[in-house]
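Taking it in order: structure first as structure tokens, then the write-up.
In what follows, chains are A, B, ... by sequence order, proteins preceding strands, each numbered from 1.
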Amino acid sequence: MPRGRPAKPKLAIAVPAIDPDRRDRLRLALLDWYDRHRRVLPWRAEPGRPADPYAVWLSEIMLQQTTVAAAGPYFRAFLDLWPRVTDLAAARREAVLARWAGLGYYARARNLHACAEVVADRHGGRFPDTEAGLLDLPGIGAYTAAAVASIAFDRPTVPVDGNVERVCARLFAIATPLPDAKPELRARAAQFAHDHRPGDFAQAMMDLGATLCTPRRPACHRCPWSGDCAAEAAGIADTLPARLPKGDRPVRHAVAFITLRAADGAMRIRTRPDAGLLGGMTEVPGTPWEEGAPWDQAAALAHAPLSPQGWRLLPGVVVHVFTHFRLEARVMLRHLDRAEAAALDAAEAGETGDPRWCPPQDLGRAGLPSVMAKLVEHARIGTGQPGLPL
DNA sequence: GAATCGTGGGA
DNA sequence: TTCCCAAGATT
């Protein structure tokens, strides 16, 4: 037993118990609204049909911090390529990462594959059907465990995402700003847990937040809870939930080196380390990304592949915004003849990241994250050949 | 527990 | 242009 300070019991925040009659009234009103306005989404089973746990899980991972519009095409492509979790588990990890390219938050893709392997190898290809069992899997946190448990397995639990936080903040007029309000909002939402249609209720809460109880200009007059919402009554729905002000985004500077083999137009690429930003994804070589001033050209060229000579600085700056910083990158371009390309191969033989040549027609399959695709496209414009296969 | 981790679309 | 934000998880 660990000594010292006893483990802090993670007690749920105490909130006033909701009146059971009001809870049931709200639940039924929302479910009725859901039955009439239910959205058709690629991962959603027909009404009355059982949900496929694999499809539910796949969609929930893709939808983390991601819009429905962005996730849709990826969901269809994944389900088409890998119809069952065992198919995904058997796929090569690089293939999964390449197919995820462009969707962002690449740890999701690494965990997606790891999770599929666990389900295939240790759970006989079936997802655990309890919230606790799901929570043990890689990439599944509190929200996703509750979402899959309720939607796929009819467990009486309420997943709390950004939509549900907003809906509850308004319904109960909770003025505490996010993220401080999260424990209270979770406790409020949990009081809606019920055996009756838990999966539909979960999706109804999220649909409500996505279509009526929106961040700006909520459509309270069309809300199934109109007349029963504290924020609406107080006329403050559009001000909730409050948020703590965010810090400003620093700027990082970089120089990317696009190396083309003159003979066939192949581009030099490599794989980033598994940990950290864009982990495991394909990149073009470049300087470190550093805050402060833009790179001095000579200093940047010290990081150039092969040698500092022969590079051409392309006009313009590529700007890409990440969650916690903004990248401003210049692009340098160089064509290598046969001898130089061979010298580069020799110089980089055995380096980590498997530096390699990628023929232009294979660039699409390489799975470049968006920032890398932007850099490559910038080089194409620089070479006067924009819009070639990517 | 704060920091990290992408991207694209809309106001 | 800039800001916000979207079905969060991990360390």
Practice problem: Taking only the side-chain nitrogens and oxygens of A/Gln65, find out if one of them lies under 4.0 Å from OP1 or OP2 of C/dA6. | Solution: no
Quiz item: Does A/Arg166 put a side-chain nitrogen or oxygen below 4.0 Å from OP1 or OP2 of C/dA6?
Solution: yes
Practice problem: Return the value, rounded to whole Å, for the distance between atom CG of A/Leu135 and atom C1' of C/dG8. | Solution: 12 Å
Quiz item: Counting only heavy atoms not in A/Arg338, do more than 12 fall under 6.0 Å of its CZ?
Solution: no
Quiz item: Using the C1' atom in both, what is the distance from C/dG8 to B/dG1, to the nearest Å?
Solution: 16 Å
Quiz item: Under 3.5 Å, side chain of A/Ser226 to main-chain N/O of A/Cys223, donor-acceptor pair present?
Solution: no
Quiz prompt | Atom-pair distance (CD on A/Glu283; C1' on B/dG6), nearest Å | solution = 16 Å
Quiz prompt | Nearest-Å distance for atom pair CD/C1', residues A/Gln64 and C/dC5 | solution = 16 Å
Practice problem: Would you state whether a donor and an acceptor, one from the side chain of A/Thr66 and one from the base of B/dG8, lie under 3.5 Å apart? | Solution: no
Exercise. Indicate whether OP1 or OP2 belonging to B/dA3 is found under 4.0 Å from a side-chain N or O atom of A/His324.
Key: no
Quiz item: Is the shortest side-chain N/O distance from A/Ser370 to OP1 or OP2 of B/dG6 below 4.0 Å?
Solution: no
Quiz item: Can you find a side chain N or O atom of A/His320 that sits less than 4.0 Å from OP1 or OP2 on B/dG6?
Solution: no
Quiz item: Within less than 4.0 Å of OP1 or OP2 of C/dT10, is there a side-chain N or O belonging to A/Tyr105?
Solution: no
Quiz item: Is the distance from OP1 or OP2 of C/dA9 to the nearest side-chain N or O of A/Thr144 less than 4.0 Å?
Solution: yes
Quiz item: Is the charged tip of A/Arg249 near the ring of A/Phe325: under 6.0 Å from the six-membered ring centre and within 45° of its axis?
Solution: no
Quiz item: A/Leu103 has an atom CG; how far is it from atom C1' of C/dG8, in whole Å?
Solution: 13 Å
Quiz item: Within the modelled atom types, does a donor on one side and an acceptor on the other bring the side chain of A/Arg108 and the base of C/dA7 under 3.5 Å apart?
Solution: no
Exercise. Could you state the atom-to-atom distance from CG of A/Leu278 to P of B/dT4 in whole Å?
Key: 15 Å
Quiz item: OP1 or OP2 of C/dC5 sitting under 4.0 Å from any side-chain N/O of A/Arg243?
Solution: yes
Quiz item: Which part of the nucleic acid does A/Ala142 contact within heavy-atom distance under 4.0 Å: base, sugar-phosphate only, or nothing?
Solution: sugar-phosphate
Quiz item: How far does the P atom of C/dA9 sit from the matching atom of B/dG8, given to the nearest Å?
Solution: 22 Å
